[in-house]
Novice: 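Have a look at this one before I ask anything.
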Amino acid sequence: MLRRRNSVDEVTEEDWDLQLTTNLKAGFFLVRAAARAMIEQGKGGRIITFTSQGWWTGGFGGSVVYAASKGGVVSMTRGLARTYGPHQITVNSVSPGQARTRMLMEGLKPEVLESMTNATPLGRIAEPEEIAGTVVFLASDHAKFITGATINISGGFLMY
Amino acid sequence: MRVGEARGRRSVVTGAASGIGFAAAERLLAEEASVLAVDVNATGLERLRQKGAEVMVADLAQPADRARVIEASRGVHYLVNAAGIIRVRPIFETTVQDWRDIFTINAEPVFFLCQGIGPQMPGGGAIVNLSSSSAKLASTIEVAIYAASKTAILSITRSFAYALAPRDVRVNAICPGIVDTPMQDSVLERVAPIRGTTVAALSEARLKTIPLGRAAPPEECANFIWFLLSTQASYLTGQSMDFSGGLVTW
């Protein structure tokens, strides 16, 4: 979820609470509940959280709050990966760049889209299926040794 | 990823005679890609030849040998740079020769094979370079030069990711943690006496630092390599991907 505000000065306490609650707090308690069920089943498991490029960039303007919540997701993912590793439950995060979703495209000016595209080495925004490809990989048996990772699917916009 | 997407496509794997390079070559063969397996060790390559790979004995430290590999790689879709050496020595005893030997094998060929092969690759092609967790941790100080060479690979990966993105050729690096390979065994055998401990004790202490509590077989790393080469990772480029069971999370 994202609540855009043009500037930091416009951000209200209600904006803060809504974004942190939805993006971070809900994630923590849902992951914990899922992990408890997985531990009980005793067959390991796969948990995938969603962060954003903002976790690294810190966001711009009023999206600083969104970015902070997504930075929290990365921290949480690393900590929970350590917590649940001994149970063979992996916890990883996916960090999409600009993708053709409603959240991005709604009200987006063509010139802004163009500047995003120009800033991306692959020269295009992602299709949602390209984000899903990594999620499916992380959920598969092939990724059972990968945990605590934040996988950045940004067409090279960020490299780390 | 489309089932069978590698069928009939050509690939090159360096360091293919053993360890992660061998597993990557095997995995590409299983995906029905044709594989050019390159290594300095002819005996190790023989196993891959029997499995259907084309093999080439080459010393990647030599520019002339690299030129042969580049020449034989025209039209390849996938490149895996897995060749590497490690030398264990206390950090205050390492020499300029150690530095040159290690960088000449570990970093130089990655740069020049990306440079030579990347521009010939078709759109949708992909490169995976083998770095290491040590590129980020650098905590095993007896292999400090190895770690430095592996950090260089991360930088080389980013530069070629930028350089080849306009061709839609992706370049990513993998940072394996503890993987059961001959290189890993040799590190344990040599580091243990330097630290005045046993191989068993050192191995156990290292495994305790891994949240998943185990090392990985090279085949698991090959799965990750194939994911990064495949269209499933079509929007991933320039990344340093951890493969460490949670040992490194950044």
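Computation of the quantities below employed the complete heavy-atom set of this structure, encompassing side-chain atoms and omitting hydrogens, waters and symmetry-equivalent molecules. In what follows, chains carry the letters A, B, and so on, assigned in the order in which the sequence lines appear, proteins first and then strands, with residues in each chain numbered from 1.
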Novice: Restricting to non-hydrogen atoms, name the atom on A:Gly85 and the atom on B:Leu212 that form the minimum distance, rounded to 0.1 Å.
Specialist: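 Shortest heavy-atom contact: O-CD2, 3.4 Å.
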
Novice: Might you confirm whether atom CD of A:Glu111 has over 12 heavy atoms from other residues, nucleotides or ligands at distances under 6.0 Å?
Specialist: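 Result for CD/A:Glu111: enclosed.
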
Novice: Identify the two heavy atoms, one from A:Pro121 and one from B:Ala165, that lie closest to each other, and give their separation to 0.1 Å.
Specialist: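 Closest approach of A:Pro121 to B:Ala165: O-CB, 3.2 Å.
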
Novice: Given heavy-atom pairs under 4.5 angstrom as the criterion, report whether the side chain, backbone, both or neither of B:Ile178 touches chain A.
Specialist: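 Backbone of B:Ile178 only, per the 4.5 Å heavy-atom cut-off to chain A.
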
Novice: How long is the span from the CD1 atom in A:Ile146 to the CZ atom in B:Phe227, to the nearest 0.5 Å?
Specialist: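 A:Ile146 atom CD1 to B:Phe227 atom CZ measures 8.0 Å (nearest 0.5 Å).
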
Novice: Tabulate, with distances rounded to 0.1 Å, every donor-acceptor pair spanning chain B and chain A at under 3.5 Å.
Specialist:
residue, atom, partner, partner atom, Å
A:Arg78, NE, B:Thr249, O, 2.8
A:Arg78, NH2, B:Thr249, O, 3.0
A:Gln88, NE2, B:Leu212, O, 3.0
A:Arg124, O, B:Tyr235, OH, 2.6
A:Arg124, NH2, B:Ser234, O, 3.4
A:Glu130, OE2, B:Ser234, OG, 2.4
A:Gly133, O, B:Gln232, NE2, 2.7
A:Phe145, O, B:Gly245, N, 2.8
A:Asn152, ND2, B:Gln239, OE1, 2.9
A:Gly155, N, B:Tyr235, O, 2.8
A:Leu158, O, B:Gln239, NE2, 2.7
A:Tyr160, O, B:Ser240, N, 3.0

Novice: Is A:Ala143 in contact with chain B via its backbone, its side chain, both, or neither, using a 4.5 Å heavy-atom distance?
Specialist: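 Neither part, no heavy atoms under 4.5 Å.
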
Novice: Out of A:Gly148, A:Pro96, A:Gly44, return the one with the most heavy atom pairs under 4.5 angstrom to chain B.
Specialist: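 Ranked by contacts with chain B, first place is A:Gly148.
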
Novice: Relative to chain B, which segment of A:Val136 carries a heavy atom at a distance below 4.5 Å: side chain, backbone, both, or neither?
Specialist: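 Both backbone and side chain of A:Val136 come within 4.5 Å of chain B.
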
Novice: Between B:Ala222 and chain A, with a heavy-atom cut-off of 4.5 Å, which part of the residue counts as in contact: side chain, backbone, both or neither?
Specialist: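 It is neither, since no heavy atom gets under 4.5 Å.
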
Novice: Grab the two heavy atoms, one from A:Met159 and one from B:Gly238, that are nearest each other, plus how far apart they are.
Specialist: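 The pair with the smallest heavy-atom distance is CB-O, 3.3 Å.
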
Novice: For residues 110-134 of chain B, which residue pairs pass the salt bridge (Lys or Arg N to Asp or Glu O under 4.0 Å) check, not counting sequence neighbours?
Specialist: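 Counting only pairs at least two positions apart or across chains, no salt bridge (Lys or Arg N to Asp or Glu O under 4.0 Å) contact touches residues 110-134 of chain B.
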
Novice: When only pairs under 4.5 Å are counted, which of A:Gly123, A:Gly155, A:Gly156 shares the most heavy-atom pairs with chain B?
Specialist: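 Option with the greatest count: A:Gly155.
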
